[in-house]
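Below is one structure; the comments refer to it alone.
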2 protein chains.
Amino acid sequence: MTSQDNTITPIRVASLASQVHDALAEMLLSGALRPDDRISMRDLAERLGVSVMPVRDAVARLVAQQALVVLPNRAVAVPLLTRGQFRDLTEVRVHNETHAAALAARRATQAQVAALRRADLAFEQALAAADAKPAVKANKDLHFVLYEAAGSPVLVEVIGALWLKAGPIINLDLEQDTRRRRTAVSRGWHARLLQAVEARDAQAAADAVEADIRSASEFILSRDILPA
Amino acid sequence: MTSQDNTITPIRVASLASQVHDALAEMLLSGALRPDDRISMRDLAERLGVSVMPVRDAVARLVAQQALVVLPNRAVAVPLLTRGQFRDLTEVRVHNETHAAALAARRATQAQVAALRRADLAFEQALAAADAKPAVKANKDLHFVLYEAAGSPVLVEVIGALWLKAGPIINLDLEQDTRRRRTAVSRGWHARLLQAVEARDAQAAADAVEADIRSASEFILSRDILPA
DNA sequence: TGCCGTGATCTGAGATCACAGTTGCAGCCG
DNA sequence: CGGCTGCAACTGTGATCTCAGATCACGGCA
């Protein structure tokens with residue numbers, strides 16, 4: 001074994017705090033955590049089989065990302081947005097995600113275009129499942145394959161934080177059927193998006209993403225579930 | 001004293017962690033912390049006169065905001081961006097800050113326009129100080145008066161995180177004179193920005209902010225201080 | 001002189017504890 | 001029956017400790 005041996009990969013072990021953060025992020029994105037849910041750090045630590053420390057770190061991260069809030073009584077909760085706040089969030093998402101889509105249409109490598117096709121196929125397959133969770137996850141995967149193709153890591157971070165904030169609202173605990181039908185509405189926009197990226201049409205890609213986001217947002221706002 | 005008494009303000013005590021976070025954020029924005037600086041949590045705790053716990057919480061927040069990074073050897077450091085990464089950061093800043101400026105030009109109340117004038121005056125006065133720090137702070141104050149006038153709290157949070165990331169680079173420990181001259185270049189753009197907001201000219205406001213950001217960014221990139 | 005090994009020190013991560021604030025519930029009184 | 005009070009339990013925050021990994025300095029050997 002010499003220093004030229006490239007078969008050894010550096011070992012990086014994710015800290016417990018990072019793992020807790022990922023688990024919580026997943027719960028936010030999937031709608032398992034809902035607006036106004038309280039999070040007890042001791043309870044979560046017990047359920048995850050760790051001490052409170054890594055949970056504290058993870059919660060602190062998510063508070064910084066605005067995905068969780070500290071209430072005046074010190075409780076940690078999932079933010080409950082008003083309709084106006086949700087609109088604001090939607091507008092900032094549209095502004096950044098359309099930009100990422102346009103950049104991706106111009107910059108995506110062939111490998112990234114292929115990955116986007118695979119993600120679209122996975123999304124179609126996930127829609128066939130009785131449970132809505134696979135479709136929610138496949139939708140997120142598809143979006144982030146796209147945004148990473150934008151070649152702007154800072155932009156992807158910004159968008160990631162926005163998704164953490166939007167996840168609990170968009171995936172409010174609808175009936176499974178409504179949820180799946182709701183997610184399926186994205187099919188058409190995804191198809192247009194894929195065509196746009198293949199055609200290197202930045203404007204069309206941005207328009208498809210905008211329509212996708214607004215469609216989901218209007219559905220939420222039409223149902224009178226957020227406070228005024 | 002009845003429940004109609006509006007003279008009583010709820011008491012909110014900032015947690016030690018929040019105070020440490022604010023102190024660190026100020027150090028990042030002012031350039032007191034520089035790219036690649038290591039942050040020892042025990043050292044910082046001792047200097048701030050608190051235990052390590054609130055420092056850990058604060059650091060976790062800043063790591064989530066991408067303003068600090070955890071290195072492979074577990075050290076916590078201020079990110080050292082490559083030139084490409086700094087360009088990426090600049091582009092995302094331009095994209096979001098011009099949008100905020102345009103919204104502000106359309107939406108600012110008269111009180112907010114007056115606050116912007118006062119911030120501009122404060123900036124001019126700060127330029128007269130021998131120390132560059134007041135000017136750096138006044139510049140930041142002016143920008144955030146503007147962005148808050150956009151009426152999009154989500155956008156202000158996005159921009160705030162970007163500024164935490166950009167602060168150490170833009171305010172690299174130049175000589176005081178170079179620093180002050182550098183900051184003074186913004187005067188012209190600030191004047192145009194103020195005119196644009198007063199005239200409700202969204203495009204001119206966005207252009208002034210873009211020019212301001214790009215001017216500072218090109219200065220940094222022209223000095224060969226970031227790794228390729 | 002350069003490299004390697006060893007020991008000391010420093011460091012972040014995780015665990016545990018204490019404290020003070022908050023909440024919920026039961027009981028009592030008007 | 002409603003409101004108030006008291007108490008127990010829960011909670012986040014901060015303090016302290018331990019552990020394991022990382023780094024640095026020094027000494028010995030080739």
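Proteins come first, then strands; the chains are lettered A, B, ... in the order of their sequence lines, and each starts at number 1. As the structure is a prediction and not an experimental result, all values here were calculated from the model.
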Original post:
Salt bridge between R214(B) and E218(B), side-chain N to carboxylate O under 4.0 Å?
Top reply: no
Original post:
Is it true that D57(B) and R61(B) have a side-chain N and a carboxylate O under 4.0 angstrom from each other?
Top reply: no
Does [X] place a side-chain N or O at less than 4.0 Å from the phosphate oxygens OP1/OP2 of [N]?
X	N	result
S40(A)	dT11(D)	yes
S51(A)	dT16(C)	no
N73(B)	dT11(C)	no

**OP:** Answer with yes or no whether R56(A) presents, from its side chain, a donor or acceptor under 3.5 Å of a partner atom in the base of dG14(D).
**Re:** yes
Original post:
If you find the nucleotide of DNA chain C closest to M53(B) and the one closest to I39(B), which residue's nucleotide is nearer the 5' end?
Top reply: I39(B)
Original post:
Starting at the 5' end of DNA chain C, which residue's closest nucleotide do you reach first, R74(A) or G49(A)?
Top reply: G49(A)
Original post:
For the atom pair NE2 (H95(A)) and CG (N96(B)), what is the distance rounded to the nearest 0.5 Å?
Top reply: 5.0 Å
**OP:** Could you tell me how the ring of H143(A) sits relative to the ring of Y147(A): parallel (under 30°), tilted (30 to 60°) or perpendicular (over 60°)?
**Re:** tilted
Whole angstroms only, please: what is the [atom1]-[atom2] distance between [X] and [N]?
X	N	atom1	atom2	result
Q19(A)	dG14(C)	CD	C1'	13 Å
R42(A)	dC17(C)	CZ	P	11 Å
L62(A)	dG12(D)	CG	P	14 Å
E46(A)	dG14(C)	CD	C1'	17 Å
L16(B)	dA15(D)	CG	C1'	11 Å
L48(B)	dA15(D)	CG	P	12 Å
D57(A)	dT11(C)	CG	P	18 Å
L71(B)	dT23(D)	CG	C1'	14 Å

**OP:** Dump the intermediate steps for side-chain contact (heavy atoms from CB on, under 4.5 Å) on L146(B) and V209(B), then the final yes or no.
**Re:** CA-CA 10 Å; L146(B) 174 74; V209(B) 162; 3.8 Å; yes
